[in-house]
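Take a look at the structure below.
Just so we're clear, the structure is a prediction, and the values are computed from it rather than from any experiment. Chain letters run A, B, ... following the sequence lines, proteins first, then strands; residues in each count from 1.
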Amino acid sequence: MTGTSVLHQSLLLAKKQDPPEHPQVNNIRLKEEECLSLLKRCSNMEEFKQVHAQVIKCWGLFSNSFVASNLVATCALSDWGSMDYACSIFRQIDDPGAFEFNTLIRGLVKDIKFEEALFIYQEMVERGVEPDNFTYPALLKACARLRALEEGMQIHGHVFKLEFQGDLFVQNALINMYGKCEEIEFSSAIFNRTDQKSVASWSAIISAHASVGLWYECLMLFGEMSREGCWRPEESTLVSVLSACTHLGALDFGRCTHGYLLRNISELNIIVQTSLIDMYVKCGCLAKGLGLFQMLAKPNRLSYSVIISGLAMHGRGYEALRVFSEMLRQGLEPDDVVYVGVLSACSHAGLVNEGRQCFERMISEHGIVPTLEHYGCMVDLMGRAGLLGEALELVKRMPTEPNDVVWRSLLSACKVHQDLEIGEVAAKNLLQLSSQNPSDYVVLSNMYAQAQRWDDVARTQIEMARKGLKQTPGFSLVEVARKVSKFVTQDRSHPEWVNIYEMIHQMEWQLKFEGYSPDTSQVLLDVNEDEKRERLKGHSQKLAIAFALIHTSQGSPIRIARNLRMCNDCHTYTKLISVIYQREIIVRDRKRFHHFKDGTCSCRDYW
DNA sequence: CTAGGGTTAG
C-alpha cells in the first residue's frame, strides 16, 4: 500500500460519508473503525499525519473515543519517532485512562525521552491512575538511565504496595535500576529475594556489580550462575564478564569466555566484539586484539576508542595516531575519552609535538573542553620528555584545580629526570591534598636518596610513619599452569624458593656472557655495593621470570603483572633474558605494557 | 477495545 493510495482512500471515504443527517451511534462507530483501519495501514509519519488531518477535517477529532487512544498507541509503538505528535493527541484527550498513560509512557521510554516519561508518570500518580505491570519496567528503565534514584525509589514504593509486588520483569528492572544508581545492596537484596530467577535477573545483578567496579564479585556471580545450570548466559551477560576480565587482567577467564561465545553464538555483535578486543589488549595480547579489530565489519567510536588506548598502553604511538586519523576519515566524531587515548599514546611514545597538536585540535576542531584527565596526559607527556618546567607551567595554567593524579605524574617525571627542585613543589602540593597514598612519600624519599640527602630521607619517612602509612610492597604476579603466583622482593616464602634461587644463579651466569652488569643506581639504600647487588638479584620480577622459566615450555610467552614501575636494572635484565632464553616476556605495570623480545623492549627504553 | 516488558563496551 503506497502513501498516496491510503490518502486517496481517506478522501474517498470523506466524500462518500458526509456527516449524516441523523447520526446514530452505530454509524459513528462504523466511521471510527474505518478511520482506524486507514490510520493503522499508514507506513510512515507523513502519511499518518495527512490521513489524520483528513479525519479531523471531516468528522472532528474523536477526542475521547478509542480512535484517539489508538492514535497515541500507534505513534508510541511505531518507530517513526513521532512522540511529539502522540503527546499532542494525548493532550486533547479529556480524561486519559490507564491505557493512554501506559502506552504514552512506554512510547516515550522507547524513544529515549526519559524525563518526559517520568513527568507523565507524576501526572498519572496525581490522577490516581495505576501503571500496569508492563509499564513499571519502562519507568524503572528511565530511572536507571537517568540515575534517578529518588524517582526510582518512589516507583519501588508503589510496586511494593501492589498486591503481587511486581512480577519477574519488574523485579529485574528494579535490580537494574538500583545497580545503575550504584545502590548495590538494594540490588542484591531484591535479587536474593527473587526466587524464580531468569537470565535477565542474572544479567542485571552481574552488570550491577560491574557498574560499581566489583569485578571479582562479577566473576563469582557468573560462576554461580553457571553452576545453577539451567540458564545459558547470553551475550549481554558476557559483556559484563569480559569487562570484569579486562579490569582484573584475567586472560585465561577471558579466553574461556571467548571460546564459549564462539561455540554458542553464530554472529557476535559489535558490543561483544569490542569488549573482546579490549579484554585481549588490556590483558597483554595486543596482536590478538588488533586481529579482531581488523575483522570488524563496521567499527564504531567505541571500537576505535579501545584500540587507540590499547595501542597507547603498548607504547605504539604512531600506530595509535594512524588509527585515529583513520577514524576521522570514516567520519566518526571523537569524544573526550578517545582523546584521552590519543594523548596518552603520544605520552607513552614520547611524541611531544604530536601531542601538543592533538591537544590544540581537540579544543579548536572538536570543541572538547579539556578535562583534568587530558591535562594529566599533557603533564605526563611533557614530564616524561624532560620538559619539567613546561609541565609545571601547564599545571599552574590549568583552569580547574589540579588533582592528586596531575601532581603525582609530575612528581614521578621529576624522579625519572632527577629534578629535585620541581619535584619538591609537586610533592608539597600532593601532600597538601592530604594524600593517603604511601607511594607519594616513597617517591619523594627515593629522590632525596638519589641526591644523597639522607636527612631529608629520614624526615620524609618519619612523616610517613606519623601518618600511619606503610610502603606498599612491590610484587609481581605470574600465571603458570592456570595458577597465579605472587612474588615480593627477596621472597623466600614460595615452596620452591630454593629452585628459584638456583635458577636465578644460572641466569646470572648466562647474563654475564652477554655483558650484563648490574645497575645499582636505583637501589636506594645506604648500603655498600655488594649488598646492593644482592638486593637487585631478588627483585620480584626476576623471581617471577625464574619461576616461569622453570615451569613453562620452551618458546611459550611469559606474562607478568606488577603493581609498581620496574627499575632500570630489571628492564635491562629482562631484555637480555628474552634473547638468551628465546622467550617473549610481557610485563604490565600500573599504566602500560612492556614487550620484551629478542633483546629489545617495545617501549624503546622510554617509559 | 487496544499494546506489551529486562540486560550489553572505552
- Any side-chain heavy atom of A:Q122 sitting closer than 4.5 Å to one from A:Q154?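 Heavy-atom side-chain distance check passes, below 4.5 Å.
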- A:R145 (side chain) donor-acceptor with A:F114 (main chain) under 3.5 angstrom: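 Not a single qualifying donor-acceptor pair exists.
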Would you kindly give the [atom1]-to-[atom2] distance between [X] and [N], to the nearest whole Å?
X	N	atom1	atom2	answer
A:I271	B:dT7	CD1	C1'	10 Å
A:I205	B:dT8	CD1	P	13 Å
A:F191	B:dT7	CZ	C1'	13 Å
A:L296	B:dG10	CG	P	15 Å
A:M225	B:dT7	CE	P	15 Å
A:I206	B:dT8	CD1	C1'	12 Å
A:F293	B:dA9	CZ	C1'	14 Å
A:L311	B:dG10	CG	P	17 Å

Nearest to the side chain of [X] - [options]?
X	options	value
A:S243	B:dA3, B:dA9, B:dT8	B:dA9
A:A173	B:dA3, B:dT8, B:dG6	B:dG6
A:S203	B:dT7, B:dG10, B:dA3	B:dT7
A:F99	B:dA9, B:dA3, B:dG6	B:dA3
A:L302	B:dG6, B:dT7, B:dA9	B:dA9
A:D167	B:dA9, B:dG5, B:dG10	B:dG5

- Short N-O contact, A:K113 and A:E116, less than 4.0 angstrom: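 Looking at A:E116 together with A:K113, the answer is no, because their closest N to O distance does not fall below 4.0 Å.
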- Query: Should the pair A:R588-A:E479 be classified as a salt bridge under the 4.0 Å nitrogen-to-oxygen rule?
  - Reply: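 Salt bridge absent between A:R588 and A:E479.
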May I ask you to verify whether the side chain of [X] and the base of [N] hold a donor-acceptor pair under 3.5 Å?
X	N	value
A:N133	B:dG5	no
A:N172	B:dG5	no
A:Q171	B:dG5	no
A:N269	B:dA9	no

Categorize [X] for me: base, sugar-phosphate, or nothing, with a 4.0 angstrom heavy-atom threshold over every strand shown.
X	answer
A:N102	nothing
A:K197	nothing
A:D336	nothing
A:E234	base
A:V338	base
A:V199	base
A:S309	nothing
A:V306	sugar-phosphate
A:K110	nothing

- Item | Closest approach of A:S240 to A:A210 (non-hydrogen atoms, all atoms of both residues) |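 Of all heavy-atom pairs spanning A:S240 and A:A210, the closest is CB-CB, 4.3 Å.
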- Of all heavy-atom pairs between A:S203 and A:T237, which one has the smallest distance, and what is that distance?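 Answer, listing the atom of A:S203 first, then A:T237: OG-OG1, 2.8 Å.
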- Message: Would A:E326 and A:R329 count as a salt bridge (charged side-chain N to carboxylate O under 4.0 Å, His left out) here? Give the steps.
- Response: CA-CA 5 Å; A:E326 167 66 22; A:R329 251 202 318 280; 2.6 Å; yes
Ignoring backbone atoms, establish whether [X] has a side-chain N or O less than 4.0 Å from OP1 or OP2 of [N].
X	N	answer
A:N176	B:dT7	yes
A:H247	B:dG10	yes
A:S201	B:dT7	no

